[in-house]
Amino acid sequence: MENRDKVRLLITDTNAEKQIFKNEEIDEFLAMNGDDVRLASADALETIATSEALTLKVINLLDLSTDGARLAETLMKRAEKLREQAKSDNEDFDIIPLFHRRII
């Protein structure tokens with residue numbers, strides 16, 4: 001599975017007929033985050049959250065209600081969790097130099 005597809009999976013953007021982001025946009029999230037799938041997904045979720053909060057706000061009409069702020073809050077929490085997982089993954093190993101070069 002390509003990194004782009006992994007990002008789509010984490011942000012539930014898997015319906016090929018109604019994708020939230022274009023491939024180029026997902027690729028840009030990856031590029032901005034050093035190809036880290038979780039960090040790219042976190043940025044994508046924050047982008048969706050911001051859009052939802054600005055668009056939906058709180059609407060009550062007959063039997064229908066939406067709460068963009070609450071949805072945005074949920075997406076932001078998911079983004080934070082992905083960032084924590086990415087940080088944890090990066091802390092799980094140490095970089096040890098294989099060669100020590102002495103400069104005289």
Side-chain angles (χ1 to χ4, degrees):
M1 181 180 283
E2 291 184 30
N3 283 350
R4 179 190 305 147
D5 298 322
K6 291 176 185 177
V7 170
R8 287 193 186 284
L9 183 63
L10 287 171
I11 66 170
T12 66
D13 187 14
T14 55
N15 183 343
E17 295 176 12
K18 295 182 180 181
Q19 290 181 331
I20 299 168
F21 294 108
K22 298 176 185 174
N23 286 338
E24 296 80 14
E25 293 170 321
I26 298 287
D27 292 343
E28 191 58 35
F29 286 127
L30 285 162
M32 290 187 300
N33 288 284
D35 263 355
D36 187 303
V37 171
R38 287 189 176 105
L39 293 177
S41 298
D43 277 357
L45 285 172
E46 286 179 343
T47 301
I48 295 168
T50 302
S51 177
E52 292 296 324
L54 291 172
T55 304
L56 292 178
K57 300 182 176 98
V58 176
I59 300 170
N60 291 304
L61 181 64
L62 300 174
D63 291 336
L64 175 69
S65 66
T66 64
D67 190 343
R70 189 169 187 183
L71 175 60
E73 181 181 339
T74 301
L75 293 172
M76 294 295 236
K77 286 179 183 178
R78 174 71 174 135
E80 184 58 34
K81 183 174 181 178
L82 287 167
R83 282 201 173 82
E84 289 170 8
Q85 289 173 343
K87 182 179 178 183
S88 174
D89 285 352
N90 290 333
E91 292 174 350
D92 285 345
F93 64 92
D94 294 325
I95 298 174
I96 302 171
L98 295 175
F99 302 99
H100 180 71
R101 197 163 99 185
R102 209 165 102 184
I103 300 174
I104 301 176

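Here the structure is a predicted model, which means the values were calculated and not measured. Scope of the values below: all heavy atoms of this structure, side chains included, with no hydrogens, waters or symmetry mates.
Residues passing the side chain to side chain contact (heavy atoms under 4.5 Å, CB included) test with K18 are N15, sequence neighbours excluded. Taking K77 as the reference, E73 meet the salt bridge (Lys or Arg N to Asp or Glu O under 4.0 Å) condition, with sequence neighbours excluded.
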Practice task
Show your working on side-chain contact (heavy atoms from CB on, under 4.5 Å) between L82 and L45 and close with a plain yes or no.
Solution key: CA-CA 10 Å; L82 287 167; L45 285 172; 3.6 Å; yes
Problem - Stepwise side-chain contact (heavy atoms from CB on, under 4.5 Å) test for R78 and K81 - result: CA-CA 5 Å; R78 174 71 174 135; K81 183 174 181 178; 4.2 Å; yes
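Expressed to the nearest 0.5 Å, how far CD of Q19 lies from CD1 of I26 amounts to 8.0 Å.
Just one residue in the list D35, D43, L39, D36 forms a side-chain contact (heavy atoms from CB on, under 4.5 Å) with L30, and that residue is D35.
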Under 3.5 Å, which donor-acceptor pairs do the side chains of residues 3-10 form with other protein atoms, sequence neighbours left out?
from: R4; atom 1: NE; to: D27; atom 2: OD1; distance (Å): 2.9
from: R4; atom 1: NH2; to: D27; atom 2: OD1; distance (Å): 3.2
from: R4; atom 1: NH2; to: D27; atom 2: OD2; distance (Å): 2.7
from: R8; atom 1: NH1; to: D13; atom 2: OD2; distance (Å): 2.6
from: R8; atom 1: NH1; to: F21; atom 2: O; distance (Å): 3.1
from: R8; atom 1: NH2; to: F21; atom 2: O; distance (Å): 2.8
from: R8; atom 1: NH2; to: N23; atom 2: OD1; distance (Å): 3.0

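Cluster annotation: M76 and I48 are assigned to distinct hydrophobic clusters (Ile/Leu/Val/Met/Phe/Trp/Tyr, side-chain heavy-atom contacts under 4.5 Å, transitive).
With S88 contributing its side chain and E84 its backbone, the two residues share no donor-acceptor pair below 3.5 Å. Under a 3.5 Å cut-off, the side chain of T50 and the backbone N or O of E46 do form a donor-acceptor pair.
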